[in-house]
There are 2 protein chains.
Amino acid sequence: MSPEPMRDESAFLASYDPRAYDPVAVTVDVVALTIRDGALHVLLVRRGGAPYEGMWALPGGFVHAGGRREAEDLPDAAVRELAEETGLSGKDGALGRVHLEQLGTYGTPGRDPRMRVISVAYLAFAPELPDPEAGGDAADAAWVPVDALGLAESGDQRPGTTRRLAFDHARILTDGLERARDKLEYTPLATAFCGAEFTIPELRAVYEAVWGEELHAGNFHRKVLSVPGFVESTGATSDKGGRRGGPRPRLYRAGDARLLHPALLRPSREEEIR
Amino acid sequence: MSPEPMRDESAFLASYDPRAYDPVAVTVDVVALTIRDGALHVLLVRRGGAPYEGMWALPGGFVHAGGRREAEDLPDAAVRELAEETGLSGKDGALGRVHLEQLGTYGTPGRDPRMRVISVAYLAFAPELPDPEAGGDAADAAWVPVDALGLAESGDQRPGTTRRLAFDHARILTDGLERARDKLEYTPLATAFCGAEFTIPELRAVYEAVWGEELHAGNFHRKVLSVPGFVESTGATSDKGGRRGGPRPRLYRAGDARLLHPALLRPSREEEIR
DNA sequence: TGAGTTCATCTCGATATGAGAAGAACATAA
DNA sequence: TTATGTTCTTCTCATATCGAGATGAACTCA
């Protein structure tokens, strides 16, 4: 059950006093990922005010809970914050084709020095998007290569990293990356990083960027085509060859599968098993 | 980032006024699963007050946010609610061996008729536990067979189901069951439903209860023993044969693997793929 | 004692995987 | 234009895994 039970609903509403409750704030934070120049990038904003002023953080902010403003659902808040703080337009615009899913909720006491804050984190997969423009409370906004953030497996950032992340956002980002790596194995979400039409080598580049390791081109090709519903051929062929030569690859679009069966397991997970 | 930035932290704290913020409540709800008599059961409590008085619901309640009471972390709140509302003792007692993980957060406006409530759901896997005793706000508490709740894939309950769940708890439970089914494929968490020592047929019964289908005993046996770190032999043998005959099965305990590789894929997922 | 059940292991064909090879198509530099 | 190197795509082949069925021994219950 949810809040404490009352003898009668109208009695509760009449006696309602927000000060009687522990003050809590609910926010959304978004881990937005994309591929740029063959490398995995995350969308970050630079904080325009205290605390952590000047540091980089995940885009996010308050959920409109319904007091003064109209109540909004959590995924709507995630899209709104993404749009507000980056200048990217919402569902109908550049953010129309992004995949959005809930990542997890972070509420450890003290994670925000001001008050008790419960943050619902969302994970977004986007095809290559334009550079963001700072808006809302952000002093700056940019796509940042994930490798440049020096993230350790523990969720901490390694010493010497220039861009330190505010709050516990390094942990949230680490969790988001792990989720993304897993999702690529069992779901066709790698196609969410590509345009409407893409080639198998492009798709392979997505896997290599997210997993951080090179794949066997021949086996990858065979595998992608053998999994039912992963991709479907457009019949067309790319009008250019590879960047450094090679024949013109064929074009595909995302299929109707929601799960990859069998899965595309990544190599060298031996270390992670125990 | 989290709450709206302030120019200065002390200025913020001085000007702090809870009424200036949208009133939000944060709760935890727990989907606690176990196996009883070969069937998957979920822990439910009967509501002692409005709204949804008399209906069944997931155990849960307010997170102590830090106003009047000491601030508690979200997983601690989940364990506390589980203990309070069921009479089961906490980390050191009957709840000591349960696996607990975050399931997701539910915050759609209107999901609680009283006010805006954000509920962080947790998923618990437990070995066979004693019958719960109602406590806290609960009028009753019981392990209920999941099949008796008439859950559809949509998260709704089928008409004619006697035990209707309060709030959106049918959806939360449906999501929890789906998570449990997935987790059994890639992780050794099925052992969390067993005692410290168990037999391969017992483990198979867990998979059959959660997945709702019978497995090939021979292949299952081969598979469990071939996955590194899933189970390790105790050298001992059960002192009784099967319920309806058969030789005494050998005893095993959980191994040190965190991931099953290769995974134990469940049959007949064809329908779910698209 | 006999009938039926279950554990544990094995066999066999079908399928999936990793590693490598090869030919054709293309970009780039000489 | 030619030469060189890269890449796409399709093979091959040995190995590993999987589903389905069969078998014999061990056990419970009537």
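Computed from a predicted model, the values in this text were never measured in an experiment. A note on names: the letters A, B, ... follow the listed sequences, proteins ahead of strands, and every chain is numbered from 1.
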A/Arg244 atom CZ, over 12 foreign heavy atoms within 6.0 Å:
no
Between A/Arg179 and A/Asp175, does any NZ, NE, NH1 or NH2 come within less than 4.0 Å of an OD or OE carboxylate oxygen?
no
Hey, is CD on A/Glu214 packed in by over 12 heavy atoms from elsewhere, all under 6.0 Å?
no
By salt bridge (Lys or Arg N to Asp or Glu O under 4.0 Å), A/Glu133 pairs with (sequence neighbours left out) none
For A/Arg248 and for B/Leu264, find the nucleotide of DNA chain D with the closest heavy atom, then tell me which residue's nucleotide is more 5'.
A/Arg248
Do the side-chain N or O atoms of A/Arg244 get closer than 4.0 angstrom to the phosphate oxygens (OP1, OP2) of D/dT7?
yes
Name the closest nucleotide to the B/Pro249 side chain, picking from C/dT5, D/dT9, C/dC7.
C/dC7
Looking only at non-hydrogen atoms, find the nearest pair between B/Ala190 and B/Tyr207 and report the distance.
CB-CE1, 3.4 Å
Contact check, residues 201-226 of chain B vs DNA chain D, heavy-atom distance under 4.0 Å, returns B/His216, B/Asn219, B/Arg222, B/Lys223
Rounding to a whole Å, what distance do you find between A/Leu265:CG and D/dT17:P?
12 Å
Can you measure B/Leu251 atom CG to C/dA8 atom C1' for me and round it to whole angstrom units?
15 Å
Residue whose closest nucleotide on DNA chain C lies nearer the 5' end, B/Tyr252 versus B/Gly246:
B/Gly246
Atom CG of A/Leu260 and atom C1' of C/dT17: how far apart are they, to the nearest Å?
16 Å
Should B/Val120 and A/Val120 count as side-chain neighbours, where that means a heavy-atom distance under 4.5 Å?
no
Could you tell me how far apart B/Arg250 (CZ) and D/dA26 (C1') are, to the nearest whole angstrom?
12 Å
Length of the NE2-C1' vector between B/His261 and C/dT17, whole Å
11 Å
Whole Å only: how far is the NZ atom of A/Lys240 from the P atom of D/dC8?
15 Å
